[in-house]
Amino acid sequence: MSEPLAPQYNPAAIESDLYRWWMERDVFAPAARGTPYVIMMPPPNVTAVLHMGHGMNNTIQDVLVRFERMRGKAVLWLPGTDHAGIATQNVVERLLAKEGITRFDIGREAFVERVWEHVRETGPTILDQLKAIGCSPDWERTYFTLDDDLSRAVREVFVRLYEKGLIYRGHYIINWCPRCLTALSNEEAEKEDTDGKLWYFRYPLADGSGHVTVATTRPETMLGDTAVAVHPDDERYRALIGRELRLPVVDRLIPIVADDAVDPAFGTGAVKVTPAHDPTDFDIGKRHSLPSIDVMTPEARMSLAVPERFQGLDRYEARKRVVEEFEAAGLLEKMEPHRHAVGHCYRCDTVVEPRLSEQWFVKMAPLARPALAAYREGRLRFVPERRGDEYAQWMENIRDWCISRQLWWGHRIPVWYCERERCARIVASRTDVLSCPDCGGPVRQDEDVLDTWFSSWLVPFSSLGWPEKTADLARFYPGDTLVTAPEILFFWVSRMVMSGCEFMGDIPFETVYMHGTVRDTQYRKMSKSLGNGIDPLDVVEQFGADALRYTIVAGSAVGTDVILDPNDIITSFAPGRNFANKLWNAGRFILSNLEGPTRPLAGAAKNVVRRDELSLADRWILARCEAAVVEVTEALERFRLNEAAASAYRFVWSDLADWYIEQIKPRLYGDQPGGDVARAVAAQTFDVGLRLLHPVMPFITEALWKKFPGRPAEASISTSPWPGSDRRAQDADAVRRFGLVQELVSAVRQIRAEYGVAPGQTVRAALGNLGPDARESFITELGTISRLAKVSDLQFGESGERVGGHAVLTDGTGVFVPLGDAIDVERECSRLGAEIERLLQLITGQEKKLGNRQFTAKAPAAVVERERDKLASWREQHEVLARKRALLGCGNA
RNA sequence: GGGCGAAUAGCUCAGCUGGUUCAGAGCGCCUGCCUUACACGCAGGAAGUCGGGGGUUCGAAUCCCUCUUCGCCCACCA
């Protein structure tokens, strides 16, 4: 060992050095041989700054990856960043705004160059932050979705789908963000329930013979109404079908049409039809050949198509004015509060406007079919299972994907238009088109870029070199696990399955593990805008990366969210920090005691520790260790990361540190023989504990593991083998016997505490009614008992004394601690009384249960047997206590 | 409007196939300890009608129904 370890673990002092060492040792790269295990990291946005969501997502992936790496798999965890079209463009536009300019001032080319500059500068930030929390992806393979090769894959995919007829251009109602000035996909328009109003407007019949009342939540769109629709079977309106209305405010004649899409039960049963501003109305308009009047500009101001007094007004101002005019004209019938879902831009939260425009779409139904089949046939699995229903539901109701964005930052749509009007050829091409292939005329490329997700849905293969047939692609596709937040199930996960099926003929991963969301104590999602976030790097600084990771993992039960209190990060992260410190000190103790002669526990060596040299405590801790190995391994295999952490925690802290280390001290100090055996067992079990914890707490486990004497300097716990289960270590006998020793020690401690025996004061103890294993076990561990319970004299057999504290162990052994005058007889009597009362209740209940013929007849024999044993044991305990009580001369309680 | 999840100690949560982990952990709280690995610690303790009600069962925190409260996903009733 180079230098003594400080008594308090200081993560900051070791983490960055260890990380650098891992990088130098290249431990994150997949092994040249072995079964691959592949996880595609959800690429963070290139402008992103690490938040708790990333922290959780990547910690979970890192746990799985480190686990599989230790299990000998050739692990590829592939990192990358997403160019994040809208988000990144917004960031740079804001920077420009600070200089008082817009992207239009500098033009497309200069703007894109500007974004590149920004991205080159800030791009590595989030990846570096992942390093700070200990993530171990293969950095050598890091990609960026705008890299040349990934861009090539994007074009390849676009052209293939275009040629297959699965990409088309069309004039439809899409979701439009008036702030970002671009179309959005359905998924990008987040529906939020919003309190709005429902206005009832009267539209007079053209001949003045009355009116029809329509209800609307968006009065401003009435300026673009081109009809009123009613249900064909609606008796109320049947006579009016085909007649004309005089549209108020704009003074235009519009027809009354009949259409099945109208729900007679809603509102008045008559609906105003605005084909340019509502998808349903658009369909109605098409069916009835109605004109479309686009009443808004891209910025959601009123266009030149409306009366002059409204032109240029913001949509909400226009809404107000329209309502006012209706009211003034006596045509506002009423107004009701109305709660309904309103779409919001997922990037800037602006209310999206349904807008008629020319966009590119992907026809999704053919792509969804195999992706849905993969799930139905069980090839694609979700953890937790119920998440699969959401996936299936989305696939079943799939709608075409609007992929064009009116942005400058992104993959430009690889489509060129011949500028000669009589040719007007449209060509989609893998390479840039310079002139029209038909007429040789000049061409211009489509101005729009593709949805960011159009590049990320290809990542499972594009990041491996597709469309080239690379070695990586052959080896690492398909992958294994996808770890993700529920938010991007449809944006990313579902679409990756579709693209995998379409272009690779196979699903890209077989398990989708969906973890929860990080929320505050009011169950609000942590977010920058709410100001309720916790900066993971802050936590790393204060408590260490391992404490951060431990907290995240311990809180991540399958299918549940992680709740953290941003106002009290100590409460959240101290347990992890404390545990790390515990590990550190256990390590300090064990390692500093490993310097004496040691012998291996197993193996081919001559001087291997023989089984008969193991003490009861040795066999016990080895059995507990074995149990921990099995529990942690199974838990990780089942994605129960929190249980894996809890199991390892219990083993290291409660078993190894609290009991075993205490037990072996005399042997280590040479007060008792067998120091070499204790050292061997302690070293091995601690080594196993470190390895079990390494996926969750990589830094501290590596630091301690490296310090073991004789460890080769270049060895890393990251690539050391995962502890295997060894059934020979299972030892029910040792577990039961040492368990009795623990019980006895606790019983005496309890009595001492109860009666306020001074800490340094030793006591005597008498044992009666000893169970079959008890005597032998207590003799074996006499030293342990006397040290840990401060017992000076352990007597086997009833004590003649009357006054003292007592307890009964689970095997019926009676423990009596004579306390002479120190004892408060009355207090002990009342304690006894309470205990007897409790037992009597248990016994009565149990007798009733066993007396019930239904139970004895119907319950399995083993269960009945167990219940009988319980009753016998309670009766025995009751007897012992009653005897004690009589001895003490207690009155009737 | 349809679908799904959650409710367990003061707080944050485990508790998987009904019965040996069955009422648990950590934090907080109370008592006592600077015991030569660790006070970020050690030992002991108090604390819960397992959201309400009903049912199935020999037996329910666990299964079913229902109600309440929170949360999520989907949905073109304007």
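Bear in mind the structure is a predicted one, so any value in this text is a computation, not a measurement. To find a chain, count down the sequence lines: A is the first, B the second, and so on, and within it residues start at 1.
Here the separation of B/G15 from B/A9, taken at their C1' atoms, is 14 Å to the nearest Å. Across the C1' atoms, B/G55 and B/G26 are found 36 Å apart, a figure rounded to whole Å. Annotation: B/C64 and B/C72 have their P atoms spaced 24 Å apart (nearest Å). Using atom C1' as the reference point in both B/U62 and B/U8, the two lie 12 Å apart (nearest Å). On the C1' atoms, B/G18 is 7 Å away from B/C63, given to the nearest whole Å. Across the P atoms, B/C42 and B/C34 are found 16 Å apart, a figure rounded to whole Å. Here, B/G19 and B/G59 have their P atoms 14 Å apart, quoted to the whole Å. Taking atom C1' in both B/U35 and B/C30, the straight-line distance is 22 Å, to the nearest Å.
In this entry the distance linking CZ of A/R339 with C1' of B/A78 reads 18 Å, nearest Å. Between the CD atom of A/E754 and the P atom of B/G44 there is a distance of 13 Å, rounded to whole Å. Rounded to whole Å, atom P of B/A75 lies 16 Å from atom NE2 of A/H340. Between A/D193 atom CG and B/C73 atom C1' there is a gap of 12 Å when expressed in whole angstrom units. A/N581 has its CG atom 14 Å from the P atom of B/A37, to the nearest Å. Distance CG (A/D568) to C1' (B/G28): 10 Å, rounded to an integer number of Å. Taking atom CG on A/D658 and atom P on B/G26, their separation rounds to 10 Å, with Å as the unit. Atom CZ in A/R752 sits about 15 Å away from atom P in B/U35, given to the nearest Å.
Between A/T216 and A/G587, the residue anchored nearer the 5' end of RNA chain B, judged by the nucleotide with its closest heavy atom, is A/G587. In terms of position along RNA chain B, the nucleotide closest to A/E187 lies nearer the 5' end than the nucleotide closest to the other residue of the pair A/E187 and A/D281.
Across A/W659, A/F651, A/F738, a single residue satisfies side-chain contact (heavy atoms from CB on, under 4.5 Å) together with A/R624, and that is A/F651. Evaluated for a side chain to side chain donor-acceptor pair (under 3.5 Å) with A/K272, the options A/D278, A/T221, A/T226 yield exactly one hit, A/T221. Partner A/I173 forms a side-chain contact (heavy atoms from CB on, under 4.5 Å) with one of A/S292, A/P275, A/P279 and no other, that one being A/P279.
For A/P575, the listed nucleotide lying nearest its side chain is B/G26; candidates were B/G26, B/G44, B/A37. In the set B/C40, B/A37, B/G15, the nucleotide with an atom closest to the side chain of A/Q8 is B/C40. In this structure, the nucleotide among B/A78, B/U57, B/C42 sitting nearest to the side chain of A/H338 is B/A78. With B/C72, B/C40, B/C76 as the candidates, the nucleotide lying closest to the side chain of A/R519 is B/C72. Side chain of A/F490, nearest nucleotide from B/C73, B/A78, B/A43: B/C73. Closest to the side chain of A/E662, from the set B/A37, B/G71, B/C73, is B/A37. If you check B/A37, B/U35, B/A14 against the side chain of A/K790, the one that comes closest is B/U35. Checking B/G19, B/C73, B/A78 against every side-chain atom of A/K272, the shortest atom distance belongs to B/A78. For A/F589, the listed nucleotide lying nearest its side chain is B/A37; candidates were B/C27, B/U57, B/A37.
Contact check, A/Q750 against B/G45: a side-chain N or O comes under 4.0 Å of OP1 or OP2. When the side-chain nitrogen and oxygen atoms of A/R386 are compared with OP1 and OP2 of B/A6, none of them lie within a distance under 4.0 Å. Side-chain nitrogen and oxygen atoms of A/K191 include none within less than 4.0 Å of the OP1 or OP2 phosphate oxygen of B/C73. Between A/S572 and B/G26 there is no side-chain N or O to OP1 or OP2 distance below 4.0 Å. Residue A/N578 places at least one side-chain N or O under 4.0 Å from the OP1 or OP2 atom of B/G41. Contact between the side-chain N/O atoms of A/Y669 and the OP1/OP2 oxygens of B/A37 is found at a separation under 4.0 Å. When the side-chain nitrogen and oxygen atoms of A/S746 are compared with OP1 and OP2 of B/G44, one or more of them lie within a distance under 4.0 Å. For A/R399 and B/A75, the shortest distance from a side-chain N or O to OP1 or OP2 is below 4.0 Å.
When side chains are defined from C-beta on, A/F201 does not count as touching A/T213, because their heavy atoms never get closer than 4.5 Å. Contact of the A/L184 side chain with the A/V352 side chain is registered, since non-hydrogen atoms from C-beta on lie closer than 4.5 Å. A/I700 is not listed as a side-chain neighbour of A/P11, based on a closest heavy-atom distance of 4.5 Å or more. In this structure the side chain of A/Y9 reaches within 4.5 angstrom of the side chain of A/I14, judged on heavy atoms.
The nucleotide B/G41 finds its pairing partner in B/C33, both defining distances of the Watson-Crick or G-U wobble pair being shorter than 3.5 Å. Within the shown strands, B/U69 is the pairing partner of B/A6 under the Watson-Crick or G-U definition, both distances less than 3.5 Å. Nucleotide B/U49: unpaired (no Watson-Crick or G-U wobble partner with both distances less than 3.5 Å). Pairing for B/U57 is absent, judged as Watson-Crick or G-U wobble with the two contacts each under 3.5 Å. The pairing partner recorded for B/A14 is none, the criterion being a Watson-Crick or G-U wobble arrangement whose two distances lie under 3.5 angstrom. Both distances falling under 3.5 Å, in either a Watson-Crick or a G-U wobble arrangement, place B/G1 opposite B/C74. In a base pair of the Watson-Crick type (N1 to N3 plus N6-O4 or O6-N4) or a G-U wobble (N1-O2 and O6-N3), with each distance short of 3.5 Å, B/G28 is matched with no nucleotide.
For B/C74, its base never sits under 3.5 Å from the side chain of A/E390 at any donor and acceptor pair. A donor-acceptor contact under 3.5 angstrom links the side-chain atoms of A/R638 to the base of B/C16.
Of the possible polar contacts, none joining the A/N581 side chain to the A/R577 backbone as a donor-acceptor pair under 3.5 Å is found.
Nucleic acid contact class of A/T560 (heavy atoms, under 4.0 Å, all strands): sugar-phosphate only. Within 4.0 Å of A/A554, counting heavy atoms only, lies no atom of the nucleic acid at all. Among the protein residues, A/V262 comes within range of the nucleic acid bases, having at least one heavy atom under 4.0 Å from a base atom.
A/F708 and A/F686 have parallel rings, their planes meeting at less than 30° on a 0 to 90° scale where 60° marks the start of perpendicular.
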